[in-house]
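Let me begin by presenting the structure, written as structure tokens, before commenting on it.
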Amino acid sequence: MAEEIKKHRPPPDPNSAKYKLGQIAAKAYSDAQAAKDRGEPVGWCASNFPVEIPETLGLAVVYPENQAAGIAARGGGARLCEEAEGDGYSNDICAYARISLAYAKLKSAPEQDVPMPDFVLCCNNICNCMIKWYENLARELNIPMIMIDIPFNPDYEVSDEQLAYVRAQFWDAIHQLEKLTGKKWSDEKYKEVMEYSGRTSRAWLAATATARYTPSPFNGFDLLNHMAVMVTARGKKEAAEAMETLLKEYEDNHEKGVSTFRAEEKYRIMFEGIACWPWLRVTSTGLKSRGINMVTTIYADAFGFIYKDFDDMCRAYCKVPNAINLEFSRDKRVKLCKDNHVEGLLVHTNRSCKLWSGFMYEMSRQIGEACDIPVASFDGDQADPRNFSEAQYDTRVQGLMEIMEANKEVG
Amino acid sequence: MNTQEILNRFETVARDPAGQKDKYLAAGKKVVLMAPVYCPEEIVHAMGLVPMGAWGGDMELRDAKQYFPAFICSIVQSIVELGMRGAYEGASAIVIPSLCDSLKVLGQNWKYAVPSIPFIPMTWPQNRKPDYALDFTLAGLRRVIRDLEAATGATFDESKLAASIRVYNEHNAAMRDLVPALAAHPEITAAQRSAVFKSAWFMLKEEHTALVRELLSGLAAASPAAAKCPVTVTGILADAPGLTALLDEYGFQIVADDVAAESRQYRTDTPEDGEPLTRLARKFQAMDCCSVLYDPDKKRVEHIVALAKNSGSRAVIMAQTKFCDPEEFDYPLIRRACEDAGLPLIQIEVDRQMVNYEQARTMLETLREAL
């Protein structure tokens, strides 16, 4: 038996962005638990629900999608999915939903606990699956559900009618929460949240845009971790500061000619889709071992929530990925590919996400054509480890690499 | 026509939607396709166009695989498959609502897969009950009108909409009357019952109402056959010939349904008061108990139990369209509610590509024996 070799890692630098961002993500859970312990109401919140609302009201919320990703990354995905399946949930249903519904029943998971909710905040701008999932949470836990419907927009622009409908729902949600929790909306506090959100978003966009440098100063898998803060905490001062630190680090890396991608960057790709959390190391190593750096994802664009007022904020929530049509989705990705000198597109056909994967075949064909880059896809799942084949992933990545290599030789 | 001839007529129409389309086209009418689950058909009708349902077909998928991964429901995939194979040629447009994630991707893929038939989106609000949802619903309806005018050259006149609303409300009433009338006649097979509902998608509603009323008169004068085992069926679709044949073979009679392509369409009338377009929007606001409509109180679950109890059903059969997550999310709650009510429930997975019904056979056989 081989002797175990323990790597001695240096203690994390408390001034680093990675440390700060990790702390913010962890604190979101501990703050919510502390609020629960104080007897305050706590919510479970959809990832693209307007975070500004609970933040301005001073309400503690946790994000079941982040929790499910965390559980899946730490190996608990199959156990909780199977628990939900035992209760009659089909294994075709989104694995985040299955994990969350199982957790709502078990109320405990060693991989990532969260306080049980007193209300749920739902927004379907990422998918209608959210509605069904949160309806069932509310019903099973016998708690109120606050719902903001942001319809899938078949057009390129947000219409005045859609804006009015969404704005009315934002205020409706605010008033329902005021009544439910006794907290009061403050315009002053909102302005502060909006400013921090803008600062955080600007820093995020600038940090992710440093991928335009060759080599990129970061490994794109970093973004998958950091985006949790963008989703849940971007209206907080600490988030703004941490993202500004991240930007500075990436710029410094570029100046020094170093990168968090710990290999020679031979190829640059865009990764499409949610990460395969149960197989994060495998998917990351499969790229790194070939010198492939995932320099960008749609997340780089998606969380740039910069808005000037309440209406503009409503519009921003109407433009998140999965709420917009194929052409708008395509154009955003084409821009990312071109800005960041992407040489190939790797698409995760995610069994859990019908909406994200459902028009990806056509869209990725169009992106490949517009950018003159090869496209490869693999089958996987964001949280159910049973829907991924390492061998298929390896073959597809190898194929993509070979075409990128051939293109370099021609070019 | 006698009852059998009327039933034969429904079956002919249900089996040959392309023939119906060609008949209307030959008569100089323009046809507009209506995708699942709810479309503002009354508007299409009021513009002098023929709305025809497009819920796909039982077939092997081939070309649609260029657009969809395997885990998108086969209703949506077979709609594109039929479109790519030219089955809908001659139609002037297709209206696709975005009521579930698979329907959202259907609209986006349609634009590229079947460019010869324009895609008209209908965006209904999910948060449909509050007053503020009315304006948004109206905006969605007006957008459909604009796109229909552009695609067909027809014009919209609100006074004509009032007349079409009457036609549709009368059809709703006829279809609601049909359910207990069929329940009183066990000799009507599941396949025949399915054909009556399915044919409604391929006929002008005034024509269908007349035929349904004729059937009702015929049934009123007929003596019922011996009782079968009464059941309630729920799901998106229950029209697969393999499934209806098995229901008949094992002596089940559908006495009530919560099927999206069947009775869910006819529960809610357009209200009488107000401007016609506003009334149509109000109708959508009033709709409930459906897996693709936001249902925070899960009223659908209680609705199914009540439907089964009130119709004297001895069991509930859920025809689960594979990969339909709105239905899949409801199933555990329906299962528990049926258990609590002492109602046996079976969930049979159905698929537009299904050729082997052995699993369904075993489940139905077991249920029949248990009852």
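Below, all heavy atoms of this structure are taken into account, side chains as well, without hydrogens, waters or symmetry copies. Each chain gets a letter, A, B and so on, in the order its sequence line appears, and its residues count up from 1.
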Check whether the side chains of A/Asn136 and B/Lys298 place a donor and an acceptor atom closer than 3.5 Å, and report yes or no. yes
Going by an N to O cut-off under 4.0 Å, is there a salt bridge joining A/Glu161 and B/Arg142? no
Is A/Arg365 close enough and on-axis enough to B/Tyr67, meaning under 6.0 Å and within 45°, for cation-pi? yes
For the backbone of B/Phe71 and the side chain of A/Asp92, can you confirm whether one donor and one acceptor N or O come within less than 3.5 Å of each other? no
Mark yes or no for whether A/Tyr165, through its side chain, and B/Asn127, through its backbone, hold a donor-acceptor pair below 3.5 Å. yes
Of the backbone (N, CA, C, O) and the side chain (C-beta and beyond), which part of A/Ile131 lies under 4.5 Å from a heavy atom of chain B, both, or neither? side chain
So, B/Arg336 and A/Glu140, do they make that salt bridge, N to O below 4.0 Å? yes
Heaviest contributor of heavy-atom pairs below 4.5 Å to chain B, chosen from A/Met360, A/Met363, A/Gln162, A/Glu327, is A/Glu327
Could you tell me whether A/Asp87 and B/Arg335 make a salt bridge, using a distance below 4.0 angstrom between a side-chain N and a carboxylate O? no
In the structure I gave you, are the side-chain heavy atoms of B/Phe136 and A/Pro151 within less than 4.5 Å of one another anywhere? yes
With only heavy atoms counted, which part of A/Ala168 is less than 4.5 Å from chain B, the side chain, the backbone, both or neither? both
Okay, A/Cys94 and chain B: the region with an atom under 4.5 Å from a heavy atom over there is neither
Go through the atoms of B/Pro121 and report whether side chain, backbone, both or neither lie under 4.5 Å from a heavy atom of chain A. side chain
Does A/Asn322 offer a backbone N or O that forms a donor-acceptor pair with the side chain of B/Lys104 under 3.5 Å? no
For the residue pair B/Gln108 and A/Phe152, establish whether any side-chain heavy-atom pair is separated by less than 4.5 Å. yes
Find the one option among A/Ser377, A/Ala164, A/Ala138, A/Ser357 whose heavy-atom pairs under 4.5 Å with chain B are most numerous. A/Ser357
Pairing of B/Lys299 and A/Glu135 as salt bridge, 4.0 angstrom limit: no
Leading residue by heavy atom contact count with chain B [cutoff under 4.5 Å; candidates A/Asp379, A/Ile148, A/Thr349, A/Asp155]: A/Asp155
Please answer whether the main-chain N or O of A/Lys354 pairs with a side-chain N or O of B/Asp101 as donor and acceptor at a distance below 3.5 Å. no
